[in-house]
Each structure stands twice: as C-alpha cells, then as structure tokens.
Amino acid sequence: MARKEWSWRAAKLHGDVGGLSLKVINNASRFLTLLIILQCAQLGGSSISENSKQQFPPSFKSRPKVYKEEIGETAVLLCKVNNLGDSIIVWKQPDRIISAGLGMIRKDKRMKLLGHSDGVNLQITNLDIDDAGNYICEVENEGEPILQTNQLQILVPPKIATSHRGQNLTVRKDSSLKLSCNASGFPSPRISWQRQHQMLPSGEKTVESTSLKFPSVSRSDAGTYICTADNGVGPPVTAVIDLNVIYAPEIEVDKSWVHGGVGEEAVISCIVYGDPPPNVRWYRETMVLARNENRLMEQFGIRHRLVIARVSERDFGNYSCFAENDLGKSRGFIELSGHPNEPIISSGSQGMFSDRFNLSWTVDSFSEITGYRIIYRKYILQSNPLYDVRSRWHNIVIPDLNVREDSKSVDLLRPFTKDHQHSTLKQGGSYIFFALEPNTKYEVRIQARNTHGWGRFSEEFLFSTRSTGDVPKELPVEVHSNGMPESQNSGKELSLISPGEFVSPKKTMIVLLLLMTIYL
C-alpha cells in the first residue's frame with residue numbers, strides 16, 4: 001500500500017513541476033523525494049532563464065550625434081541597437097519616412113541603407129543644403145517604439161552679398177555714408193573690415209562689424225575698403241569697395257611768411273587738395289601772375305611752387321595761391337619779405353653765474369642786421385597774485401650797429417658782442433645781462449632789424465641764474481686778482497673790454513643804467 005502511494009505522488013510531481021509540493025509519508029522515502037525535487041528545479045530554472053533572455057527589450061547602443069559635413073560630401077548616420085531580435089528599424093525625418101527595415105521608401109538615389117548585425121545605418125551622398133535637419137532612428141517592437149534623433153548640419157562656405165561690391169563709390173565731402181557687407185553661410189560668417197595700405201578712419205587696423213558708418217565723410221576717408229567673411233569652412237572671401245570723396249579745394253600753406261633777399265632766389269609753395277583736381281593760379285596782391293624769364297611755376301603732385309629766380313625790391317609783398325574746381329574755390333596767403341627772420345636763441349637755460357647771464361642767438365637775414373630789441377622780465381606764473389605788478393617787460397634796444405661801431409661811445413657796445421658768420425644768410429650775436437637776482441627764472445624775447453625793417457620776435461626763452469655760492473665744477477671760483485674787481489675780470493675773460501682798458505665799478509653801473517633806460 002505504501003509503495004502505491006509513493007508511485008502516485010511521484011507521477012504527480014512530474015506532471016506539476018511549477019507548483020510541486022512533496023509530502024513525505026515516511027522516513028524511508030524522504031531522501032529520494034528531495035533528489036527528484038532538485039532535478040526538477042534545475043530543469044525549470046533553465047527554461048525560465050531562456051524565456052527571460054528572449055523577452056529583454058531592445059535599447060540603443062549608438063548615441064545621438066550632431067553630424068557636420070560640407071556640401072558635396074558623404075554622411076553616414078549610425079543606428080545600433082542591443083537585443084534587436086525581430087524588431088524593425090525605421091529611418092525618418094519629422095515630416096517624412098525614409099525606410100523600414102532594409103527597404104527604402106523614399107525615392108532618393110543619394111540615400112542608401114547599410115545593414116549590420118546591430119542595426120541599419122543611413123548613408124547620404126553628394127550632400128546639399130536642403131539635407132540639413134533631424135534624422136530619427138525608430139525601433140518598432142511589441143511595446144512602445146524607441147527613438148534616437150541625430151542632427152545633420154551642412155557646412156556652407158561664406159558668400160558675400162553687397163550692393164557696393166566691385167564698385168567705385170563716389171560721395172561728396174561732409175555727407176553721411178554706410179558701407180554694408182552681408183554674408184551668408186553656415187556657421188554664420190564673421191565679418192571684418194580693413195583699408196588697403198591705411199588705417200581705418202577710427203585709427204584701427206581691423207574692425208569686426210557688418211557695416212562701416214561715416215557720420216560726416218572727410219577727404220581723408222577716401223580709399224579702398226576690404227570686407228572679409230570667414231566661418232572656417234573653406235577659405236575666407238572678400239569684397240572690395242573703392243570710396244572716392246569729391247570736395248571743393250582745400251589749401252595748406254607751408255610757410256605764411258617767407259624771407260627773401262635782393263638778388264637771391266625765393267620759393268613760396270602751397271599744398272592743394274581737391275577732387276575733381278582743381279586749377280591753380282598765383283596772385284601778387286590782386287594781379288594774376290604769369291610765367292616769365294624770372295618767374296617759374298611748378299607742380300609736384302599736390303604741391304604747387306612759385307619760384308622767383310632773382311628777387312628785386314618790387315617782388316616783396318603779399319602772394320596768394322588760388323585753387324578752383326566745380327565744387328568751389330579756396331585761397332592761401334604767403335608774404336615774401338626782406339625783413340629778418342625771428343631770432344633763434346642758442347644759449348642753455350641754466351646760467352653759469354648767480355648775477356649775470358650770457359644770451360646768444362642766431363638770425364637768418366640776407367641783409368645786414370642793423371639792430372636788436374631785447375625784452376625780458378622775471379618769470380611769474382599768471383596764478384601768482386604779484387603777476388600784474390611784477391610782470392612788466394624791460395626793453396633794451398641796441399642802436400644801429402654800423403653807426404655805433406664807428407662812434408666813440410664804445411661803452412654802449414660792451415654788453416653786446418656781434419657774431420660774424422661765414423654764411424651771408426645766418427648772422428647772430430650775444431648779450432650779457434648784469435645785476436640779475438640769484439636763483440631766479442627770467443623770460444626773454446629778441447627782435448632783429450635790417451635795412452628793410454624790424455622782423456618778428458623770437459619765441460619765449462626761459463633761463464635761470466644760479467644760487468649764490470653755487471659755482472659749476474668746470475669754472476674757477478670767482479675771486480679778485482691783481483687788485484682788480486670781480487666784474488672787471490669777468491668782462492675781460494668774455495672779451496667785452498679791450499685789452500689794457502679797465503672800467504671802474506661806478507662807470508659800469510652808469511653803463512648798465514643807460515642800457516636799461518635809454519630806449520624805454
């Protein structure tokens with residue numbers, strides 16, 4: 001009876017593997033029952049593992065990607081899937097299906113499917129700008145489909161579109177202007193400007209902008225402007241714009257005052273700007289000048305010159321350079337004069353002594369210099385309260401040099417020394433200021449006279465005396481020697497007093513007072 005019950009239960013065990021439950025009847029049969037249970041569990045576990053593997057859902061092995069390709073090239077879009085099984089891969093765009101499985105739906109010979117063990121890739125040859133966009137790889141299975149989106153960007157070289165390209169653009173001076181440079185391409189091009197062989201009007205060599213603005217065009221803005229577009233795809237492209245500015249004549253005068261000498265050559269010149277190129281005429285006072293054997297008119301580019309081969313007295317006067325074109329006219333004035341040039345002071349600004357200063361200068365004059373005027377004063381800032389009180393100029397006029405050299409009043413000449421130059425044009429002299437205050441700054445100006453009259457004053461010159469006891473290393477200490485006063489020694493060293501002649505201190509003071517007051 002016990003054997004029959006065991007056999008029935010064993011058969012039931014084989015028939016119901018998933019929910020087997022063995023009830024042991026007696027101790028003798030327990031071991032055999034457990035062995036059967038273990039064997040059945042192993043068989044059932046193997047079957048469950050195989051079913052789980054078949055039911056694991058597909059997933060993407062490839063990753064979403066942005067593909068960047070140039071026009072005309074080939075792109076391969078990847079779609080790799082894990083556990084693909086019998087699922088189907090569909091390639092599509094947001095508004096159009098391309099393929100299903102290995103079958104092409106879209107009729108485009110440039111597109112091709114590349115199958116492999118993990119999925120299907122999409123190949124597109126001879127790319128065009130319209131191919132840019134999103135491409136979706138979709139896996140169809142029993143559940144919800146899975147999607148992976150790839151982006152295809154078509155790289156397009158830059159292309160410039162401007163209405164000014166290759167043109168000679170002509171504008172009038174003082175008008176407003178905007179130069180534009182529009183460029184297409186992908187990625188968006190970077191646009192920059194430069195001017196050929198010159199800086200841009202802003203003073204920069206290169207400017208990044210889609211346009212150049214000129215609020216008020218000047219003649220200096222004319223030139224060749226270059227617009228460059230670059231996006232890293234292919235070589236940069238350029239457009240050239242030639243800007244021409246038209247304007248009425250403008251005249252620059254090199255020297256408004258020109259020194260001349262009788263019998264010498266004189267040249268006066270002016271620089272004339274204008275577009276259209278202006279016609280230029282020379283005038284003396286109100287009379288138009290023409291070429292003759294003594295008068296030559298030259299042009300070197302924009303520079304115009306009037307050359308007088310041999311100047312006479314009647315050639316001195318006011319001249320003008322007159323220019324005219326269709327947009328207007330202009331005039332520049334130059335004076336040709338026989339008066340001396342303004343003197344140029346050559347002394348150093350720091351004096352050698354505490355109570356005197358040696359002022360030296362040169363002056364250009366074809367005619368003999370016959371006199372000088374020297375004005376000087378203490379240098380006081382205008383912000384100083386004492387400026388109005390102590391800023392009065394002291395006036396020293398050195399009389400006619402030729403007359404004085406022949407006169408018996410030699411004492412008046414002693415502070416002044418005439419400098420004879422080898423050139424007939426350059427002359428000069430020097431003057432010693434006495435009784436100056438120590439450690440004081442002075443300002444001085446000089447004016448020269450010749451047979452034609454007084455010239456212009458020199459530029460302001462500043463000099464300083466030394467402090468008391470401050471002696472330059474290169475000079476001996478000021479001492480009395482041979483019973484002679486210090487002022488007499490210094491005068492003799494500077495050749496202001498003839499050899500063998502000594503002047504008393506009292507007489508020296510009288511001379512200085514005369515020089516200070518005689519021509520005030």
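In terms of modelled atom types and a separation under 3.5 Å, the side chain of Thr465 and the main chain of Glu437 share a donor-acceptor contact. Counting only distance, with no hydrogens or angles, the side chain of Arg295 and the backbone of Ala290 share a donor-acceptor pair below 3.5 Å. Judged by distance alone, the side chain of Gln153 and the main-chain N or O of Ala132 form no donor-acceptor pair under 3.5 Å. Asn395 places no side-chain N or O within donor-acceptor distance of the main-chain N or O of Arg373, the cut-off being under 3.5 Å. With hydrogens and angles ignored, the 3.5 Å screen pairs a side-chain donor or acceptor of Arg195 with a backbone N or O of Ala222. Of the possible donor and acceptor atoms, none in the side chain of His197 sits under 3.5 Å from a partner among the backbone N and O of Thr224. Listed for the Ser458 side chain is no donor-acceptor partner under 3.5 Å among the backbone atoms of Ile344. For the pair Ser176 (side chain) and Ser216 (backbone), a donor-acceptor distance under 3.5 Å is absent. Checking side-chain atoms of Arg110 against main-chain N and O of Asn126 turns up a donor-acceptor pair under 3.5 Å. Not a single donor-acceptor pair under 3.5 Å links the side chain of Gln198 to the backbone N or O of Asp221.
Residues Ile191 and Cys227 have side chains in contact (heavy-atom distance under 4.5 Å, counting atoms from C-beta outward). Using a 4.5 Å heavy-atom threshold, the side chains of Leu179 and Leu169 count as touching. Residues Arg377 and Arg392 form no side-chain contact, since every pair of their non-hydrogen atoms from C-beta on lies 4.5 Å or further apart. Within the 4.5 Å cutoff, the side chain of Phe316 has no heavy atoms near those of the His339 side chain. Within the 4.5 Å cutoff, side-chain heavy atoms of Ser180 are placed close to those of Ser211. Counting only heavy atoms from C-beta outward, the side chains of Val253 and Phe333 never approach each other to under 4.5 Å. Within the 4.5 Å cutoff, no side-chain heavy atoms of Glu264 are placed close to those of Arg310. Taking 4.5 Å as the limit, some side-chain heavy atom of Ile308 sits within range of a side-chain heavy atom of Asn294.
Ring-plane geometry between His259 and Phe366 is classed as parallel, the angle between the planes falling under 30 degrees on a 0 to 90 degree scale with a further cut at 60. Relative orientation of the Tyr431 and Phe433 rings is perpendicular, given thresholds of 30° and 60° on the angle between their planes. The aromatic rings of Phe357 and Phe463 lie parallel to each other, their planes meeting at an angle below 30°, with 60° marking the opposite boundary.
With values rounded to the nearest 0.5 angstrom, Leu77 atom CG is found 6.0 Å from Asn150 atom CG. Atom CG of Leu152 and atom OH of Tyr135 lie 5.5 Å apart (nearest 0.5 Å). Here Trp193 contributes atom CH2 and Ile226 contributes atom CD1; the two are 10.0 Å apart, rounded to the nearest 0.5 Å. Atom CG of Leu243 is separated from atom OH of Tyr225 by 5.5 Å, given to the nearest 0.5 angstrom. To the nearest 0.5 Å, atoms OG1 (Thr206) and CG (Leu200) are separated by 7.0 Å. Taking CG of Asp254 as the reference point, atom CD1 of Ile268 lies at 11.0 Å (rounded to 0.5 Å).
Around CG of Asn279, the count of heavy atoms belonging to other residues, nucleotides or ligands within 6.0 Å does not exceed 12. Residue Arg172 places its CZ atom among 12 or fewer non-hydrogen atoms of other residues, nucleotides or ligands, all under 6.0 Å distant. Within a 6.0 Å radius of CD in Gln299, more than 12 heavy atoms belonging to other residues, nucleotides or ligands are found. Remark: Glu459 CD is loosely packed, at most 12 non-hydrogen atoms of other residues, nucleotides or ligands lying under 6.0 Å away. Counted within 6.0 Å of CG on Asn292, heavy atoms from surrounding residues, nucleotides or ligands total more than 12; the atom is thus considered enclosed.
Across all their heavy atoms, Gly185 and Asn231 have their closest contact at C-ND2, 4.0 Å. Of all heavy-atom pairs between Pro158 and Ala229, the closest is CG-O, 3.6 Å. Smallest separation of non-hydrogen atoms from Gly332 and Ile251: N-CD1, 3.7 Å. What you find for Met297 and Leu306 is that their closest heavy atoms are CG-CD1, 3.9 Å. Taking both residues in full, the closest heavy atoms of Thr362 and Lys426 are given as CB-CG, 4.2 Å, listed atom of the first, atom of the second, then distance. Looking at every heavy atom in both residues, Pro201 comes nearest to Phe214 through CG-CE2, 3.6 Å.
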- Item | Step-by-step side chain to side chain contact (heavy atoms under 4.5 Å, CB included) determination, Glu69 to Thr74 | CA-CA 7 Å; Glu69 301 292 344; Thr74 298; over 6 Å; no
- side chain to side chain contact (heavy atoms under 4.5 Å, CB included) assessment of Leu359 paired with Ile446: CA-CA 10 Å; Leu359 183 72; Ile446 308 174; 3.6 Å; yes
- Step by step, work out the side chain to side chain contact (heavy atoms under 4.5 Å, CB included) result for Arg219 and Asp275. CA-CA 9 Å; Arg219 59 178 172 83; Asp275 196 345; over 6 Å; no
- For Ser184 and Lys159, what are the C-alpha separation, side-chain angles and deciding distance, and is it a side chain to side chain contact (heavy atoms under 4.5 Å, CB included)? CA-CA 5 Å; Ser184 60; Lys159 183 179 181 180; 3.7 Å; yes
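Using a 4.0 Å cut-off between charged nitrogen and carboxylate oxygen, Lys329 and Glu324 do not count as a salt-bridge pair. Taking the charged nitrogens against the carboxylate oxygens, Arg456 and Glu335 have no contact shorter than 4.0 Å, which rules out a salt bridge.
Each disulfide (SG to SG under 2.5 Å) pair with one or both residues in residues 242-345, not counting sequence neighbours, appears once here: Cys270-Cys321.
Each of Arg305, Arg303, His304 was evaluated against Glu298; a single residue qualifies, Arg305, per the side chain to side chain donor-acceptor pair (under 3.5 Å) test. Checked against Ile154 for a side-chain contact (heavy atoms from CB on, under 4.5 Å), the options Val233, Asp128, Asp130, Ile71 give a single hit: Ile71.
Note: Trp361 and Phe461 fail the aromatic proximity criterion, with ring centroids not under 6.0 Å apart.
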